[in-house]
Amino acid sequence: MVNYWAIAIGINQYQLFQPLGCAQADAEAIRDFLLSQAGFLPEKCLLMTNTSPPIGKQSSYPTKENILSLLEELAATFWQPEDCLWLFFSGYGVNYKEQDYLMPVAGNPDQVPETGIEVRSLMQSLQVTGLNILLIFDINRAFGTQADAPVGQEIIELAQELQMGAIISCQPEEFAHESTELGHGFFTAALLEALGSGKGYNFSDLAAYLSYLTPKLCQHHWRPVQNPITIIPSTQPVILPTLTLDENSAALIFPAESFAVSRTLPPQENRASSNTDKAWWTENASVKTTLSPITTEKNLVPPLVSVSVVESNHTLATSPESQPGGRFIPNLTTASTYPSNQSEPPVWQQFIIWGGGTMVIVGLIATFLLRNPDSFRFKNFSKTVSINRTSKFQFPQIFPIPQNPSNAQIRLNTDSNQRNQAILELKKMSLVPTQPSHLSIAIAKTQRIPPDAPLYAKSQENIQVWCQMILELAQAQAKQRKYEPAIATAQLITKKEPLYSQAQTVIQKLQVEAKQYVSNKTLLDAAKALIIPGQASTYNRAIEVAKKIPKGQPGFEIAQTLINQWSEKILNLAKIRATQADFSAAIATATLVPEVTIAYEDAQDAIQKWQLQKN
């Protein structure tokens with residue numbers, strides 16, 4: 001029997017990093033979805049946040065020791081080969097000496113190897129278990145610390161090497177962002193929307209949806225764009241249990257093997273003494289549900305039976321004795337069960353009272369309308385029908401999803417089918433889809449098929465797909481600032497191929513970007529050379545040089561990161577002088593913080609405070 005496991009880790013309050021706003025909510029929302037929508041068992045869906053309850057007798061506080069000991073215990077005691085595991089992490093990630101680390105709550109940016117969780121060791125240990133694994137890392141990078149370096153490249157390489165499914169919230173050079181309006185990081189918000197829209201049962205579909213929706217969310221909220229990275233292994237992981245449909249009730253139910261069904265009633269004393277249980281029964285008395293966990297003092301028990309909504313004028317349920325082996329639902333007394341003490345008038349009196357009164361009112365209205373025909377204009381009002389989800393866990397509808405497939409959606413499905421067919425053909429030739437040279441070999445072989453051959457049309461479709469994949473690989477290399485390999489990759493498309501003109505356009509664009517990158521890198525090196533540690537004015541001059549890198553050009557985001565770091569250095573120097581009671585020097589130093597930087601508002605607040613102290 002395949003078991004579905006999940007560990008959701010979200011850390012808001014770090015001891016040595018700036019606090020995050022939505023990491024804990026991200027982890028909680030992922031766990032809620034897996035419990036209420038995907039059929040995961042509560043005891044197999046574990047949460048580790050700053051405020052999460054203990055896991056059994058073990059603390060769930062997300063320290064390095066607690067995280068690693070939990071993984072070791074599960075691997076040694078509970079996990080079986082072929083089980084499925086979600087490992088979700090929302091928090092800081094660090095790259096130290098080209099190695100990626102996940103930072104637990106006590107992670108120290110100055111002691112990364114000692115306090116961080118080495119990703120290589122983690123992924124290799126998980127691979128040995130034989131689990132069907134999906135890694136989801138919503139990684140934040142710390143502004144203005146030694147740990148502020150591109151992170152994620154090693155994760156990508158390890159996932160490809162170990163053939164492990166993984167999704168990372170952004171490219172190594174990008175930053176992951178949060179939104180207080182959404183209550184989540186942009187990546188996790190997109191992930192929740194994708195899962196809630198039924199995109200979680202096919203890894204490729206999920207990856208495509210995230211790649212589309214995440215940058216759209218960033219643009220919609222006026223934040224720098226982040227592009228998720230998905231590593232799809234040759235054997236795609238089974239990430240969610242398959243749903244089946246109950247023919248009698250038309251309700252979605254999960255595979256029976258996912259649940260350990262109990263047919264006993266909750267203990268009477270627990271029902272009488274637990275406010276939590278009372279609230280649970282009250283909540284479920286009016287809602288139709290197939291997945292509502294029952295909380296008892298000893299353990300978490302999966303749902304026993306399905307509760308149905310009963311007609312409003314009838315008693316909801318009978319006593320426990322009438323429901324042997326089922327859920328106990330207390331009686332609810334409705335308005336119809338109360339006796340009436342008032343005597344009703346005869347029928348003929350009711351007819352005269354109600355009928356006569358109604359006729360008088362109708363007559364008055366008709367008279368008024370006939371005398372004032374121009375005072376009224378009848379308009380047609382369109383009715384908006386809102387579709388309410390009945391599930392316990394609700395996702396925000398970030399973008400509307402059409403009920404009927406559009407032409408664009410049909411085209412997207414067709415393109416997806418063609419790509420899958422082209423990749424299958426590569427496997428038949430023992431070629432790797434992520435190797436540009438292999439794609440070039442496949443194109444050359446397929447071009448030998450004569451036009452009169454039965455498979456000629458299909459072969460031309462495959463060639464077009466492979467050319468598109470070559471261009472995608474070139475653009476991916478360019479995002480990593482590997483311009484020479486990117487240009488060489490795009491040059492694999494020759495004049496014989498259908499996308500040759502598009503490839504030439506890409507090559508020209510990459511050549512321009514490569515020159516810009518070299519020029520901007522030289523500019524940044526010059527800015528760095530101006531800095532003399534301890535002299536605030538040198539940081540200010542370096543910022544002015546770095547500001548010359550235009551927005552949209554390669555190196556711009558790196559420049560912005562350095563500008564923010566240097567602005568904080570200036571502010572820190574000002575604070576040091578303020579602690580020495582030299583408020584005049586502190587104010588003069590803080591005024592060197594430029595307006596466009598992250599430390600500007602703090603510097604202005606500090607200046608006002610120091611001016612008061614100076615006086």
Side-chain angles (χ1 to χ4, degrees), residues 156-157 159-161 163-167 199 201-212 227-239 405-480 482 484-510:
I156 297 170
E157 295 170 355
Q160 293 172 342
E161 175 188 337
Q163 285 294 290
M164 190 176 293
I167 308 175
K199 303 292 184 183
Y201 294 92
N202 181 282
F203 201 15
S204 298
D205 289 347
L206 179 62
Y209 199 82
L210 290 174
S211 297
Y212 166 78
N227 297 281
I229 303 172
T230 303
I231 297 87
I232 303 178
S234 55
T235 303
Q236 293 196 24
V238 179
I239 54 179
S406 63
N407 292 333
Q409 184 66 36
I410 294 172
R411 185 167 59 254
L412 179 63
N413 294 337
T414 303
D415 293 343
S416 178
N417 292 335
Q418 290 178 355
R419 177 174 286 248
N420 292 338
Q421 182 63 36
I423 292 174
L424 183 61
E425 291 298 324
L426 289 173
K427 291 181 179 179
K428 291 179 180 178
M429 292 185 280
S430 299
L431 299 175
V432 180
T434 56
Q435 295 292 331
S437 58
H438 286 206
L439 294 170
S440 180
I441 292 170
I443 291 171
K445 286 184 177 180
T446 307
Q447 282 177 338
R448 298 171 189 167
I449 298 176
D452 56 350
L455 297 177
Y456 178 76
K458 180 61 67 175
S459 67
Q460 295 304 302
E461 290 180 0
N462 290 339
I463 289 174
Q464 178 132 357
V465 171
W466 294 331
C467 289
Q468 183 62 42
M469 292 170 67
I470 289 175
L471 291 181
E472 290 171 2
L473 290 173
Q475 291 168 344
Q477 290 170 328
K479 285 184 178 180
Q480 299 174 11
K482 300 176 181 178
E484 290 185 8
I487 292 171
T489 297
Q491 288 173 340
L492 292 174
I493 300 178
T494 66
K495 293 182 179 180
K496 300 178 183 179
E497 277 80 65
L499 299 183
Y500 174 73
S501 60
Q502 185 176 342
Q504 293 302 302
T505 303
V506 170
I507 290 170
Q508 292 175 6
K509 179 176 178 291
L510 294 179

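Side-chain atoms of Cys467 and Ile443, non-hydrogen and from C-beta on, do get closer than 4.5 Å to each other. Using a 4.5 Å heavy-atom threshold, the side chains of Leu471 and Gln502 count as touching. Side-chain contact check for Leu210 versus Ile167: some heavy-atom pair is nearer than 4.5 Å. Using a 4.5 Å heavy-atom threshold, the side chains of Gln435 and Leu439 count as separate. Taking the side chain as every heavy atom from C-beta outward, Ile507 and Gln491 approach each other to under 4.5 Å. By the 4.5 Å heavy-atom criterion applied to side chains, Met469 and Ile423 are counted as neighbours. Here the side chains of Pro233 and Met164 are not in contact, with every heavy-atom distance at 4.5 Å or above. For the pair Thr446/Glu425, no side-chain contact is recorded, criterion being any heavy-atom separation below 4.5 Å from C-beta on.
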Evaluate Glu461 against Gln464 for side-chain contact (heavy atoms from CB on, under 4.5 Å), listing each step before the verdict. CA-CA 5 Å; Glu461 290 180 0; Gln464 178 132 357; 5.8 Å; no
Run the side-chain contact (heavy atoms from CB on, under 4.5 Å) test on Gln504 and Ile493 for me, step by step, so that the C-alpha distance in whole Å, both residues' side-chain angles and the decisive distance to 0.1 Å come before the verdict. CA-CA 9 Å; Gln504 293 302 302; Ile493 300 178; over 6 Å; no
Side chain to side chain donor-acceptor pair (under 3.5 Å) between Ser234 and Gln163, worked out: CA-CA 7 Å; Ser234 55; Gln163 285 294 290; 2.9 Å; yes
Candidate pair Ile232 and Ser204, rule side-chain contact (heavy atoms from CB on, under 4.5 Å), full reasoning: CA-CA 7 Å; Ile232 303 178; Ser204 298; 3.9 Å; yes
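The two residues Phe203 and Ile231 make their nearest non-hydrogen contact at CE2-O, 3.6 Å. Gln477 and Ala486 get closest at one heavy-atom pair: OE1-CA, 3.2 Å. Nearest approach of Glu497 to Ile463, heavy atoms of both residues: CG-CG2, 4.5 Å. Closest non-hydrogen pair, Ala442 versus Met429, comes out as CB-CE, 3.7 Å. The minimum heavy-atom distance linking Asn462 with Gln418 is given by the pair OD1-O, 4.5 Å.
Rounding to the nearest 0.5 Å places CD of Gln475 at 12.5 Å from CD1 of Ile470. Going from atom CG of Leu206 over to atom OG1 of Thr230 covers 7.0 Å, rounded to the nearest 0.5 Å. Atom-to-atom distance recorded for Thr489:OG1 and Leu473:CG is 7.0 Å, nearest 0.5 angstrom.
A salt bridge links Glu472 to Arg419: at least one charged side-chain nitrogen sits closer than 4.0 Å to a carboxylate oxygen.
For Ala488, there are no side-chain contact (heavy atoms from CB on, under 4.5 Å) partners two or more places apart in sequence or in a different chain. Remark: Leu424 engages Gln421, Lys428 in a side-chain contact (heavy atoms from CB on, under 4.5 Å) (not counting sequence neighbours). Legend: residues meeting salt bridge (Lys or Arg N to Asp or Glu O under 4.0 Å) with Glu157, ordered by chain and number and at least two apart, are absent.
In this structure a side-chain-to-backbone donor-acceptor pair under 3.5 Å is missing from Ser440 to Pro436.
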